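Because the structure is a prediction, the values reported are computed rather than measured. Start at 1 and go down the list; that is how both ligands and their atoms are numbered. Atoms considered below: every heavy atom in the structure, side chains included; atoms not considered: hydrogens, waters and symmetry mates.
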Amino acid sequence: MESIGVLMPCPIYGYLEQELAKRFKLFNPSNISEESINSIRAVVCSAKICVDTHLIESLPKLEIVSTFSVGYDKIDLAKCREKNIRVTNTPDVLSDDVADTAIGLALAVLRKICVSDRYVRNGHWIKSDFPLTTKFSGKAVGIVGLGRIGSAIAKRAAAFGCPISYHSRSEKTESGYKYYPNILDLASNSEVLIVACTLTKETHHIVNRQVIDALGPKGVIINIGRGQHIDQPELVSALSEGRLGGAGLDVFEDEPELPEQLFGLENVVLSPHAASDTVETCNAMADLVLSNLEAYFLNKPLLTPVV
Ligand SMILES: O=CC(=O)O
């Protein structure tokens, strides 16, 4: 396989890069040349790298795109289908970490963990006790998207004694959780709303002003999906005006750019799109990318095909 060209358009993860270089001829923007373009049969990308029509069209021998992420919203799937290019992702191996992060953000927002850390470091504790916070255990948790990650979040929240309900395209009766076909009804009946669905045209801005208002001034939104799931200007004004209680955000509409106003809000916990970024999970994701590529070039079935 050493003669097969693999392009990594941006650095992703050291271990992945080393292992790809052991098996394939690895290209990146600094060592790619006109002559090498025709040897490139695979692209390895991530949730932060666009594989658009332009990139696909510029690689005439491209056969497979393997993303180091569960989400594939940055890949032009229609173009891949049209050109018979296979696509793989890294589901399952990251579900635990993403679900842990969702619960961590909910706890951090309600129990004000980051604010209280600053309170102690800044010496305020000597002068007065930290104000009371809000309990997470037992809160009504609404989950948008009960897929692998949403289900892992539900399992964890249920262990905190939280009644679970969800909204998704179709009812999952086997889950035993309460289903709301309408997200507004889910928001009206939830105290913590966790966004965990796939980003599609249908779920773009699924959390809009109406949903935020239905959740109300004591409600908390957690987003470990994609920034584009939430109408961000509406979220920021609701948080600033006290129409929403708080938010724990791992993803943003135009990341890594964030609206300045978020930095000044104490009812918000911010995380740099890092929900699955642990050594253990990143190694497992890298191994899955490698196994998919090896399977493809050995004419074996793909492990986690998208297309
Ligand atoms: O955002 C991360 C992923 O899609 O894996």
Next item on the list: Report the part of Ala47 in contact with ligand 1, treating N, CA, C, O as backbone and CB onward as side chain, heavy atoms under 4.0 Å; options are side chain, backbone, both, neither.
Entry: side chain
Checklist line | Distance-only side-chain donor-acceptor flag, Ser39 / Ser36, under 3.5 Å | finding: no
Notebook entry, point to check: Would you say the side chains of Ser237 and Ser240 form a donor-acceptor pair under 3.5 Å?
Noted result: no
Check: His124 vs Tyr119 aromatic rings, parallel, tilted or perpendicular, using cut-offs 30° and 60°?
Finding: tilted
Next item on the list: Looking only at distances, please establish whether an N/O atom of ligand 1 is found under 3.5 Å from an N/O atom of Ser276.
Entry: no
Check: Which ligand 1 atoms are under 4.0 Å away from a heavy-atom of Leu94?
Finding: 5 (O)
Note to self: Suppose we measure from atom 5 (O) of ligand 1 to each protein heavy atom; which comes out shortest, and what is that distance?
What the structure shows: Val70 N, 2.8 Å
Check: Atoms of ligand 1 less than 4.0 Å from Ser69 heavy atoms?
Finding: 3 (C), 4 (O), 5 (O)
Item checked: Short side-chain donor-acceptor distance under 3.5 Å, Ser66 and Thr88 -> yes
Next item on the list: Considering heavy atoms of the protein only, find what lies nearest to atom 1 (O) of ligand 1 and give residue, atom and distance to 0.1 Å.
Entry: His273 NE2, 2.6 Å
Margin query: Are Tyr179 and Tyr166, when compared by the centres of their aromatic rings, separated by less than 6.0 Å?
Written below: yes
Next item on the list: Determine whether the side chain, the backbone, both or neither of Val251 has a heavy atom under 4.0 Å from any heavy atom of ligand 1.
Entry: neither
Margin query: Looking at every non-hydrogen atom in both residues, tell me the closest pair between Val289 and Thr67 and how far apart they are.
Written below: CG2-O, 3.9 Å
